[in-house]
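Letters go in sequence order (proteins before strands), and every chain restarts at 1. This structure is a prediction, so every number in the text was calculated from the model and none was measured. When reading the values below, keep in mind they use all heavy atoms of this one structure, side chains included, and skip hydrogens, waters and symmetry mates.
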Amino acid sequence: MARYDAGAIEPKWQEAWREAGCFTATRDPDKPKYYVLEMFPYPSGNLHIGHVRNYAMGDVVARYKLAKGHAVLHPMGWDAFGLPAENAAMERGVHPGDWTYANIDNMRAQFARLGLTLDWSREFATCDPAYYGQQQAMFIDFLERGLAYRKNAVVNWDPVDMTVLANEQVEDGKGWRSGAPVERRELTQWFFRISDYSDELLSALDMLDDWPDKVKTMQRNWIGRSRGLQFAFGLEGGPDNHDRIEVYTTRPDTLMGASFVGISPDHPLARELEKGDAELAAFCAESRRIGTAEEELERAEKRGYDTGLSVRHPFDTDWRLPVYVANFILMEYGTGAIFGCPAHDPRDLDFARKYDLPVLSTFVPLSGEHRRPEDGGPAYVPPKGETVAYVRGFAGEAEQSGEAAIEAAIRFCEENGVGRGVTKYRLRDWGLSRQRYWGCPIPVVHCEACGVVPEKKENLPVELPRDIDFAAPGNPLDRHPTWRDVPCPSCSAPARRETDTMDTFVDSSWYYARFTSPGAATPTDPEEAAYWMNVDQYIGGVEHAILHLLYSRFFARAMVECGHLPGSAKEPFAALFTQGMVTHEIYLTRDADGRPVYHLPSEVADGRLADGTQVEVVPSAKMSKSKKNVVDPVEIIDRFGADTARWFVLSDSPPERDVEWTDAGAEAAARHLARVHRIAEATRHVPETGKGDDAALRRETHRAVHDVTLGIESFGFNTAVARLYAFAAALSKSEAGRASQVEAARTMAQLMAPMTPHLSEEIWQMLGGEGLCATAPWPHADPGMLVEDELTMPIQINGKRRAEMKVARDAARGDVEAMALASDAVQKALAGGAPKKVIVVPGKIVNVVV
RNA sequence: GCCCGUGUGGCGGAAUGGUAGACGCAGCGGAUUCAAAAUCCGCCGCCGAAAGGCAUGCCGGUUCGAGUCCGGCCACGGGUACCA
């Protein structure tokens with residue numbers, strides 16, 4: 001009997017699929033189309049186990065849809081621009097392009113071993129000039145439509161390395177390489193007008209029925225529509241041209257609780273004042289040392305500087321509020337100025353207590369104990385829908401909800417000429433400029449006479465120069481001897497290229513559309529896009545819930561406007577599944593400066609390095625190359641085969657949940673696949689006539705078909721796998737005749753095929769299946785075979801299970817109740833009395849209340 | 001800090017508001033074997049002699065019935081706009 005030998009059979013069937021060309025996406029008018037896409041990988045150099053999980057899930061869906069008779073598009077490519085390639089260039093002196101393409105070659109070979117249904121004829125990398133040239137063409141379209149523009153924005157600046165730092169490259173306010181304190185610096189940068197689409201991106205979420213609620217909620221909160229009041233405080237004694245401070249508040253009902261006004265260190269007033277106030281200038285400089293990351297800003301100690309100026313309260317010209325410059329207010333949010341209401345905002349309360357500012361409650365709870373903030377209690381922030389009593393109200397009822405009070409306050413203010421009600425969004429425009437080499441060049445030229453001029457489309461792609469120097473700090477494109485020098489596309493005078501490149505999120509915001517026609521001479525081929533879009537099932541990590549998915553939704557809309565996508569593709573991802581991450585422990589030691597040095601799992605044994613150094617262990621962390629906690633799936637494939645790797649990552653954990661990688665379990669998966677092979681093989685040798693449980697086995701088979709199908713359709717891969725374990729056990733114990741057993745084993749192979757395609761082909765062939773298992777139609781469960789004649793019902797007494805009974809499937813409710821009441825357990829509990837209540841849930845349970 | 005999740009045996013987990021712990025791992029016992037590997041069979045939440053009681057992060061609520069719904073906490077994970 002042939003043993004299961006994954007190493008031998010897997011390449012054989014991969015070759016058979018390739019020869020049959022069964023995974024090449026082909027438009028077919030007789031079939032429904034199905035586009036399944038997993039988020040494409042960054043070519044770090046190696047697949048990690050999280051990739052295997054991601055692509056195994058997509059492959060299950062693709063194989064299932066193929067078997068269900070769809071024309072399937074399942075493409076793969078590379079999200080190939082980005083920081084790590086530049087880091088490799090700086091650390092090892094390799095060219096970012098060489099490094100990236102070598103990584104791609106390596107990963108493509110690793111992909112091949114997984115036996116995925118990918119259509120490699122559509123492969124591309126975002127760093128291919130053919131791809132980013134089309135991206136540049138679209139940038140020009142966006143520019144012409146006013147969707148792209150320039151404005152000033154702050155970046156993290158490393159004054160020693162003379163370079164812009166990503167937030168990730170800032171550690172404790174210092175540059176990761178130089179260790180120098182990071183400064184905020186203002187640069188002119190390119191932006192996309194995503195905020196113009198705030199309302200549209202928000203309201204369209206309601207149509208996305210097949211997106212997880214949590215992702216929609218996160219996007220809603222991110223876009224952050226708010227209704228509030230915009231008004232100005234009159235400023236007394238300010239510098240010239242500063243006689244008012246414009247603020248926006250979502251809680252105008254708390255205006256009578258205002259105790260100070262805070263402005264950003266980057267507010268024009270602060271900028272003006274610091275010219276004549278060295279102490280303030282020092283304070284602002286210190287504040288600007290906090291990085292640009294929201295988290296850092298919010299966590300930093302809240303500090304303020306009293307400008308000595310004051311503003312008049314809009315309702316009472318005698319009431320003065322002090323004006324502070326505060327380090328936690330960002331110029332980019334709202335108007336860069338706020339009024340503080342300490343009684344109803346924990347941040348403002350901290351601030352007020354620190355600087356000894358008044359605290360005034362404007363409302364209190366209707367009932368119950370309440371320690372007011374002015375008496376040392378915490379800031380009182382009830383949900384806006386809750387009705388409260390206004391003790392310092394000025395509009396609406398004495399008792400009303402926050403919502404009602406806000407509307408009343410806005411009305412009152414508008415009627416009295418104090419500001420106006422406005423709707424604002426938290427969502428900011430998308431800054432896409434990067435001062436880096438390894439990205440898509442922004443295709444514009446700066447001309448002294450003509451200003452900013454888009455490159456002519458016939459000159460695209462604007463290719464990155466090959467000869468660059470990473471030895472000196474800063475952006476290599478800036479320092480390149482000739483690359484910047486071009487004639488102006490408009491007047492032909494000598495001019496300079498833009499040296500900013502695009503955020504890599506731009507690359508990943510439209511790749512799904514490019515897959516529909518990867519070779520087209522325009523960004524998309526309208527006919528192909530119309531056929532294949534939208535992505536029917538998108539699968540990827542939940543860490544992309546906001547940025548990537550929101551940017552893609554914006555980009556699809558912009559592409560529709562420019563004619564690159566049909567109007568029906570505004571929402572490019574019809575269904576979304578966010579898989580959990582595969583996590584793994586991180587091992588680290590500290591260098592002389594206390595900075596972490598990471599170690600591979602293979603370098604660590606029993607919590608120590610080879611030289612005996614104790615390592616720190618961070619449990620359950622996201623896998624990342626930089627943290628060196630990546631698990632190598634190639635090792636597992638070498639030992640057990642791809643089917644085992646696939647089976648293993650799909651079993652046990654629910655797909656949406658994080659899973660901590662452990663070595664235990666892979667062997668169990670391999671053992672089970674060998675067992676399945678043995679069971680299938682054995683069915684050929686059982687007697688033609690069995691001991692008469694053919695019907696039972698057939699019922700079991702149909703039940704398995706039903707359950708596994710449901711599992712796959714609902715992304716319950718772990719339960720589908722569990723069901724297949726049970727089916728294998730049932731088949732191995734069956735004493736049915738040969739024909740029934742062979743039939744059952746072949747069906748088992750088909751049901752397993754989305755997860756373990758190679759093994760399934762092997763069994764399919766062994767048991768005389770027609771053609772390839774991969775293209776065989778999915779089995780159908782006969783509903784008549786799924787029901788039992790008799791079932792076991794539990795009997796509860798006062799909600800606790802006390803007994804059970806067997807009843808006919810179609811037993812009448814009254815009969816069931818009578819049987820339950822007659823049972824020993826119930827008789828004993830009743831002790832001759834009558835039950836208070838009897839609840840019968842047909843087919844489920846009986847509960848007797850005594 | 002803010003937004004969003006998650007929390008069930010020794011471990012991964014199962015369970016349309018209806019028998020908590022399916023299935024797998026580990027462990028224990030047995031069969032087979034000269035022996036081992038492999039394979040097969042069985043046991044396996046905690047306390048208790050039993051009856052029974054206790055158990056789904058913690059506290060409270062709704063319900064005939066709560067792992068599941070609601071409120072408040074705690075812990076962990078993701079995101080936080082220049083990591084991808």
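Only the P atoms considered, B:C25 is 11 Å distant from B:C40, to the nearest whole Å. Comparing the P positions of B:G24 and B:G45 gives a spacing of 15 Å, expressed to the nearest Å.
Contacts of A:Ser508 with the nucleic acid, taken as non-hydrogen atoms under 4.0 Å apart, are absent. Residue contacts shown for A:His544 include a base, since a base heavy atom lies under 4.0 Å away. Within the nucleic acid shown, A:Val848 has no heavy atom closer than 4.0 Å to any nucleic acid atom.
Here B:A14 is the nucleotide among B:G79, B:A14, B:C83 with the atom lying nearest to any side-chain atom of A:Thr719. Picking from B:G1, B:G24, B:A84 the nucleotide with the shortest atom distance to the side chain of A:Asp652 gives B:G24. Out of B:C40, B:C82, B:G24, the shortest distance to the side chain of A:Ala668 is found at B:G24. Side-chain proximity of A:Glu294 to the nucleotides B:A15, B:C82, B:U80 is greatest for B:U80. Checking B:A84, B:A20, B:G1 against the side-chain heavy atoms of A:Glu543 singles out B:A84 as nearest. Closest to the side chain of A:Arg657, out of B:A14, B:A20, B:C82, is B:A14. Listed nucleotides: B:U19, B:G53, B:C82. Nearest to the side chain of A:Thr792: B:U19.
For a distance-only test at 3.5 Å, the side chain of A:Glu656 fails to qualify as a donor-acceptor partner of the base of B:G5. A donor-acceptor contact under 3.5 angstrom links the side-chain atoms of A:Asn847 to the base of B:C64.
Pairing for B:A75 goes to B:U6, judged as Watson-Crick or G-U wobble with the two contacts each under 3.5 Å.
Residues A:Gly799 and A:Lys302 each lie close to RNA chain B; by heavy-atom proximity, the contact nearer the 5' end of the strand is made by A:Lys302. Position along RNA chain B of the nearest nucleotide to A:Asn798 versus A:Arg428 favours A:Asn798 as the more 5'-ward residue.
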